[in-house]
> 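This structure is in structure tokens; I'll ask about it shortly.
Predicted, not measured: the structure shown is a model, and the values here were computed from it. Letters A, B, ... are given to chains in the order of the sequence lines, protein chains preceding strands, and every chain is numbered from 1.
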Protein chains: 2
Amino acid sequence: MAKVDTSLVAHLPLFAGLTPEALDEILREARSARYPKNSAIFEQGADAQSFFLLLHGHVRAAKTTPTGEQIVVRYVAPGETFGLAMAIGAARYPATATAVDDSVVLIWPTSAWPRLVERFPSLAANTLQTVGTRLQESHTRILEMSTQQVEQRVAHALLRLAKQSGKKLDHGIEIDFPISRQDIAQMTGTTLHTVSRILSGWESQGLVESGRQRIILRDPHGIVVLAERSADSGAA
Amino acid sequence: MAKVDTSLVAHLPLFAGLTPEALDEILREARSARYPKNSAIFEQGADAQSFFLLLHGHVRAAKTTPTGEQIVVRYVAPGETFGLAMAIGAARYPATATAVDDSVVLIWPTSAWPRLVERFPSLAANTLQTVGTRLQESHTRILEMSTQQVEQRVAHALLRLAKQSGKKLDHGIEIDFPISRQDIAQMTGTTLHTVSRILSGWESQGLVESGRQRIILRDPHGIVVLAERSADSGAA
DNA sequence: GTCGCGTTTTGCGCTATCGCAAACTATCGA
DNA sequence: TCGATAGTTTGCGATAGCGCAAAACGCGAC
């Protein structure tokens, strides 16, 4: 039985309102595992045999169409759960999860969920909360895709990433996991070409500093301005 | 205390796994109300004082940007819940709900939710299920918006509406509540002009019959074909 | 039955963004 | 150290769909 230190996870929203004993009991059902950078954690369409809690690293959840196009559903940050197919009554994973950095996760067998929820009802309530929040964010994303131009969507996406996983530097905020132009394109519903053009433009305005799979927001406020303006043009 | 007939709602997923007594207790906390066609049920940004279960009619949930653009988040069909802001820990409604037809709803005060969940944990589990399903659908919608052209998105939207609220006629399936071109545009991320053009096209191909705020799918299968083809052109 | 208003249709020019192709460049492995 | 490889940049033509405007139409009200 893998032993997990409760103090590391006790403060997570998922476990809010649980006694240390309860938490201990829940963690006893989990095992932990390490996934190296770029390895698959589960594939879209596979049997949902487990659900996960990310401890370290970063995970990308992506959905693929029958014709092979992909979108990034979200990036999972440490402390967040993913692969909750069972909670929504799905037998198969609706997306593919990939470690974008060396990652450590806790893994519960899906079969343990009903029992856990029965013993600890607040687990269901807490999960409802996070799923609800994700639904909100999803709607916001749809709203953006419907009403905003690509440049604004990219701006919003980067700001969100910075908020979720930004590492503060003295000369800006760095998104602290590898992310490609293609990834950003798949988050915003455009092509890597367009993303590249936009970032190049921003770079020449001093708004960002972006290299290979690496992005630093030099002037977050400037990007906020970009994200919020409604339709007119910017600097030449 | 408004009396509600339990037999009408006992089979709903929300109440799955509850005893008749429990259901009775839950319903005792609700009151019912009628909203005439085109009346507002709640406004985006207002205090989330209640949550709702639709008994009859149809409700549109729409989200508005600061600049006034709208999108339709979903259409609520009888038997579905809406206005669940509290379940996700939001104090205000994230969208506006409007009755698109004369509608009857059950209304619970938001303040009753924590107590109900504590007494009947399966409420939380059931709600998690439906919210999770909506999250899925949301992701599918994002995927469509990212990868498909407008015509296919409109096709998918109509097929979904037909599935959810279609009335079977001998010459097709009618969407049985009033819906405008503008509404469809707001569901698919386009303009009413484009929707109008598309429907006109389909009408001349005999795929649909569409009048003022009314749509009949004459050839659902033909529309499925449209929805699924990936990129090439159609008939002239 | 007629009038008026909200909805729908349609034309037309415009442009944001795609899609392809080619050049370029960090990074990693031998 | 030098390629090989994957990611990025950039140019350029093509086009789907927008946006504006005007006309036609259907429905409900009186």
> Reckon Thr190(A) has a side-chain N or O less than 4.0 Å from the OP1 or OP2 of dC18(C)?
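The answer is yes; a side-chain N or O of Thr190(A) sits under 4.0 Å from OP1 or OP2.
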> Would you kindly say whether Thr110(B) and Gln49(B) are connected by a side-chain donor-acceptor distance under 3.5 Å?
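Looking only at side-chain atoms, Gln49(B) and Thr110(B) do not form any donor-acceptor pair under 3.5 Å.
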> Inspect the surroundings of NE2 in His221(A) and state if more than 12 heavy atoms from other residues, nucleotides or ligands are less than 6.0 Å away.
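No, because the 6.0 Å sphere around NE2 of His221(A) holds 12 heavy atoms or fewer from other groups.
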> Is His193(B) side chain donor-acceptor paired with the dT10(C) base, going by distance under 3.5 Å alone?
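Per atom types, the contact qualifies.
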> Rounded to the nearest Å, what distance is computed from the CG atom of residue Leu192(A) to the C1' atom of nucleotide dC24(C)?
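Rounding to the nearest Å, CG of Leu192(A) and C1' of dC24(C) are 15 Å apart.
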> Could you give the angle between the helix axes at the two ends of the helix from dG1(C)-dC30(D) to dA30(C)-dT1(D), with five pairs per end, rounded to 10 degrees?
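The end-segment axes of the helix from dG1(C)-dC30(D) to dA30(C)-dT1(D) are tilted 50° relative to each other.
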> Mind telling me whether Tyr75(B) and Phe177(B) have parallel, tilted or perpendicular rings, with 30° and 60° as the class edges?
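Phe177(B) and Tyr75(B): tilted rings.
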> Side-chain contact test, heavy atoms from C-beta onward, threshold under 4.5 Å: evaluate it for Phe52(A) versus Phe42(A) and give yes or no.
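Result yes, sub-4.5 Å side-chain heavy-atom pair found.
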> Using the heavy-atom set of chain A and a strict 4.0 Å cut-off, write down the first and last nucleotide of DNA chain D that makes it in, 5' to 3'.
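That gives a stretch of dA6(D) to dC12(D).
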> Rounded to whole Å, how long is the line connecting atom CD1 of Ile184(B) with atom C1' of dT7(C)?
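The answer, rounded to whole Å, is 13 Å.
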> Return the CG to OG distance between Leu53(A) and Ser32(A), rounded to the nearest 0.5 Å.
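Leu53(A) CG to Ser32(A) OG: 11.0 Å, rounded to 0.5 Å.
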> Would you classify Arg181(A) as touching base, sugar-phosphate or nothing, given that sugar-phosphate means primed atoms plus P, OP1 and OP2, and contacts are heavy atoms under 4.0 Å?
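Sugar-phosphate, backbone atoms only, no base.
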> Would you say the side chain of Trp108(B) lies within less than 4.5 Å of the side chain of Arg31(B), judging by non-hydrogen atoms?
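SC-SC contact between Arg31(B) and Trp108(B) ruled out.
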> Between Ser196(B) and dT8(C), does any side-chain N or O lie under 4.0 Å from OP1 or OP2?
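No, outside the criterion.
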> Just call it for Thr191(A): base, sugar-phosphate, or nothing, with non-hydrogen atoms closer than 4.0 Å on any strand.
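Thr191(A): backbone/sugar contact only, no base atoms under 4.0 Å.
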> Distance check, rounded to the nearest 0.5 Å: Lys168(A) atom NZ versus Ile173(A) atom CD1?
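It is 6.0 Å, given to the nearest 0.5 Å.
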> What's the separation between atom OG1 in Thr98(B) and atom CG in Asn38(B), rounded to the nearest 0.5 Å?
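Atom-to-atom, Thr98(B):OG1 and Asn38(B):CG are 8.0 Å apart.
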> Take atom CD of Gln152(A) and atom P of dA16(C), then tell me their distance rounded to the nearest Å.
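Distance check: Gln152(A) CD to dA16(C) P gives 12 Å.
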> Rounding to an integer number of Å, can you tell me how far Gln148(A) CD sits from dT17(C) C1'?
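For the pair Gln148(A) CD and dT17(C) C1', the rounded distance is 16 Å.
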> Can you tell me how far P of dT8(C) sits from CH2 of Trp202(B), to the nearest Å?
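Computing the Trp202(B):CH2 to dT8(C):P distance gives 15 Å.
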> Using a heavy-atom cut-off of 4.0 Å across all strands, would you classify Ser200(B) as base, sugar-phosphate, or nothing?
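Sugar-phosphate contact only - Ser200(B) comes under 4.0 Å of backbone atoms but never of a base.
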> On DNA chain C, check which nucleotide each of Arg197(A) and Arg212(A) is closest to and give me the residue with the more 5' one.
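Nearest nucleotide further toward 5': that of Arg197(A).
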> Rounded at 0.5 Å granularity, tell me how far CD1 in Ile175(A) sits from CG in Leu217(A).
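Rounded to the nearest 0.5 Å, the CD1-CG separation comes to 5.0 Å.
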